Protein chains: 2
Amino acid sequence: MSSAPLTRKEQIDQVATSLFKSRGFAATTMRDLALELGIEAGSLYSHIKSKEDILQRVCFKMADEFNAAFNEVKGQNVPAGEKLRLAVAAHVRVLTKNPPAAGVFLNEWRHLSEPSLSKFHDMRYQYEESLRQIVRDGIASGEFKVTDEKFVVLTLLSSLNWLHMWYKPEGKMSPDEIAEFLSNLLLNGLKNF
Amino acid sequence: MSSAPLTRKEQIDQVATSLFKSRGFAATTMRDLALELGIEAGSLYSHIKSKEDILQRVCFKMADEFNAAFNEVKGQNVPAGEKLRLAVAAHVRVLTKNPPAAGVFLNEWRHLSEPSLSKFHDMRYQYEESLRQIVRDGIASGEFKVTDEKFVVLTLLSSLNWLHMWYKPEGKMSPDEIAEFLSNLLLNGLKNF
DNA sequence: TACGTTTACGAACGCCCGTTAGCAAATTTT
DNA sequence: AAAATTTGCTAACGGGCGTTCGTAAACGTA
């Protein structure tokens with residue numbers, strides 16, 4: 001359970017991520033960040049290219065993790081309901097593994113500049129589209145009674161993506177239990193939970 | 001259907017709200033705002049006290065609207081499921097009546113400074129607590145099978161509060177239809193919609 | 001016509017921002 | 001031990017920020 005030794009650059013990314021999440025990207029200054037690390041602001045530039053450089057690294061690293069987790073689900077040959085359950089679990093697992101990075105990924109991506117911003121948009125669209133496909137399959141097979149798969153996926157992601165706001169690793173529910181709870185709630189509803 | 005003539009101050013609030021929502025509070029400059037209004041930055045201060053002054057007005061005005069809409073639901077003597085349905089409808093109605101203001105209320109409140117920030121936190125806690133009470137009543141009466149009312153309310157609000165991100169007044173669904181869709185999804189689930 | 005109010009201008013203020021440059025320790029590699 | 005690399009400092013840059021100030025048109029009202 002020992003953590004690998006972080007390079008200075010990784011330390012910077014990590015501390016910046018936590019500041020970006022709690023104060024926002026725009027409201028976090030390089031001097032704040034340096035102070036947190038016990039060095040001077042100018043010293044940061046021995047390790048990083050720019051402030052946005054950090055943001056890009058965090059955002060695309062998280063995007064990769066979401067995709068990797070989801071790709072393991074995609075291939076499986078199971079009913080839509082079960083596949084959605086697995087997708088939710090994968091999503092929750094990534095979200096809870098690194099809540100600060102998840103927060104930056106979800107809320108601060110809009111401070112990316114082009115062409116990173118467009119690339120980010122594209123990746124997110126693909127991810128959502130894959131989820132919509134699962135819901136469409138469930139509708140086609142009669143498993144889901146709903147008709148508007150866009151609306152369903154938006155609601156699904158919305159309810160998942162606030163998790164990082166209140167999730168605490170030391171809380172009483174594990175990521176898997178959270179995933180199960182959310183799956184049940186969304187698939188069966190409050191009345192038939 | 002004619003709109004009342006806006007005072008200059010109300011115009012400023014309105015334009016600022018839309019900028020705060022699309023660019024964020026911190027990334028919106030007074031010079032941006034002035035440009036949008038066709039005046040100089042200094043001229044703004046003939047009408048407003050400060051940049052945060054605008055933010056406060058938007059946030060607390062929205063908070064009042066949420067409370068007002070919810071208070072009409074609170075008093076009604078109906079089963080928990082029905083009451084939750086009404087609360088969702090009320091919430092959606094406020095959310096969709098002014099999406100930019102809703103966006104600022106939901107995402108930019110953290111740029112409030114004390115004591116406004118604490119006041120805001122308190123109001124939101126009260127709102128959430130009222131929702132939790134409905135869920136608790138539903139659990140006590142056996143109407144809801146779930147056990148963790150905190151989790152339920154967090155998920156409920158999460159799925160509602162992203163509405164402003166994609167809702168367009170000219171879209172094919174009315175606020176009431178959206179409310180009904182969301183209520184069904186949350187109460188009955190994807191499988192029994 | 002005179003007067004108070006509303007609305008706006010344009011310049012400037014003090015401050016903070018991201019970033020750069022040149023230099024010097026410290027650390028690692030050879 | 002020498003060389004190369006990593007890490008950090010101090011000082012400063014150009015620029016943008018929210019805001020203030022004194023002034024002046026424009027406007028509604030008497």
Side-chain angles (χ1 to χ4, degrees), chain A residues 3-60 104 107-117, chain B residues 3-60 104 107-117:
Chain A
S3 53
L6 292 184
T7 68
R8 205 59 168 128
K9 186 176 180 179
E10 288 166 337
Q11 278 185 48
I12 293 174
D13 283 0
Q14 186 176 307
V15 174
T17 300
S18 128
L19 288 177
F20 289 170
K21 189 197 173 180
S22 60
R23 312 185 185 178
F25 177 77
T28 302
T29 72
M30 297 307 276
R31 284 165 177 87
D32 287 340
L33 174 53
L35 185 68
E36 206 82 7
L37 288 158
I39 61 176
E40 294 298 315
S43 310
L44 292 166
Y45 290 83
S46 299
H47 308 276
I48 62 162
K49 225 179 84 232
S50 68
K51 189 185 180 187
E52 197 191 317
D53 186 39
I54 304 175
L55 183 62
Q56 284 183 25
R57 234 174 292 127
V58 177
C59 285
F60 287 104
V104 172
N107 298 321
E108 307 299 328
W109 56 267
R110 58 175 165 163
H111 294 104
L112 292 169
S113 59
E114 295 295 353
S116 299
L117 187 57
Chain B
S3 54
L6 292 184
T7 67
R8 204 58 168 134
K9 187 176 179 179
E10 288 165 337
Q11 278 184 48
I12 292 174
D13 283 358
Q14 187 177 306
V15 173
T17 299
S18 127
L19 288 177
F20 289 170
K21 191 199 171 177
S22 60
R23 309 184 188 179
F25 177 77
T28 302
T29 71
M30 297 307 274
R31 285 164 178 88
D32 287 340
L33 174 52
L35 186 68
E36 204 84 7
L37 288 158
I39 62 177
E40 295 298 315
S43 311
L44 292 166
Y45 291 82
S46 300
H47 308 277
I48 62 162
K49 224 178 83 235
S50 69
K51 190 186 180 186
E52 197 190 318
D53 186 39
I54 305 176
L55 183 62
Q56 284 183 25
R57 234 174 292 126
V58 176
C59 285
F60 287 104
V104 172
N107 297 322
E108 306 300 327
W109 56 266
R110 60 174 164 163
H111 294 105
L112 292 170
S113 58
E114 295 294 353
S116 298
L117 186 57

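First the proteins, then the strands, lettered A, B, ... as listed; each starts at 1. In this text the structure is predicted, and so the values were computed from the model without any measurement.
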Rounding to a whole Å, what distance do you find between [X]:[atom1] and [N]:[atom2]?
X     : N      : atom1 : atom2 : result
A/K51 : C/dC17 : NZ    : C1'   : 8 Å
B/Q11 : C/dT6  : CD    : P     : 16 Å
B/F25 : D/dC17 : CZ    : P     : 13 Å
B/L19 : D/dC17 : CG    : P     : 13 Å
A/R8  : C/dT27 : CZ    : P     : 13 Å
A/E40 : C/dT19 : CD    : P     : 17 Å
B/L33 : D/dC17 : CG    : P     : 12 Å
B/L37 : C/dA8  : CG    : P     : 9 Å

Give A/S46 one of three labels, base, sugar-phosphate or nothing, depending on what nucleic acid heavy atoms sit under 4.0 Å from its own. base
What's B/T7 touching, base or sugar-phosphate or nothing? Going by heavy atoms closer than 4.0 Å. nothing
Return the [atom1] to [atom2] distance between [X] and [Y], rounded to the nearest 0.5 Å.
X      : Y     : atom1 : atom2 : result
B/D53  : B/I48 : CG    : CD1   : 6.0 Å
A/L33  : A/D13 : CG    : CG    : 9.0 Å
B/R110 : B/L55 : CZ    : CG    : 12.0 Å

Among [options], which is the nearest nucleotide to the side chain of [X]?
X     : options               : value
B/I39 : C/dC9, C/dT19, D/dG8  : C/dC9
A/M30 : D/dG18, D/dC9, C/dT19 : C/dT19
A/S50 : C/dT7, C/dT19, D/dT7  : C/dT19

[N] OP1/OP2 closer than 4.0 Å to side-chain N/O of [X]:
X     : N      : value
A/Y45 : C/dT19 : yes
B/H47 : C/dT6  : no
A/S43 : D/dC9  : yes

Within the distance-only criterion (no hydrogens, no angle test), does the side chain of A/Q56 pair as donor or acceptor with the backbone N or O of A/S116 below 3.5 angstrom? no
Side-chain donor or acceptor of A/R31 under 3.5 Å from a matching atom on the base of C/dG18? yes
Verdict with reasoning, B/T7 to B/H47, per side-chain contact (heavy atoms from CB on, under 4.5 Å): CA-CA 10 Å; B/T7 67; B/H47 308 277; over 6 Å; no
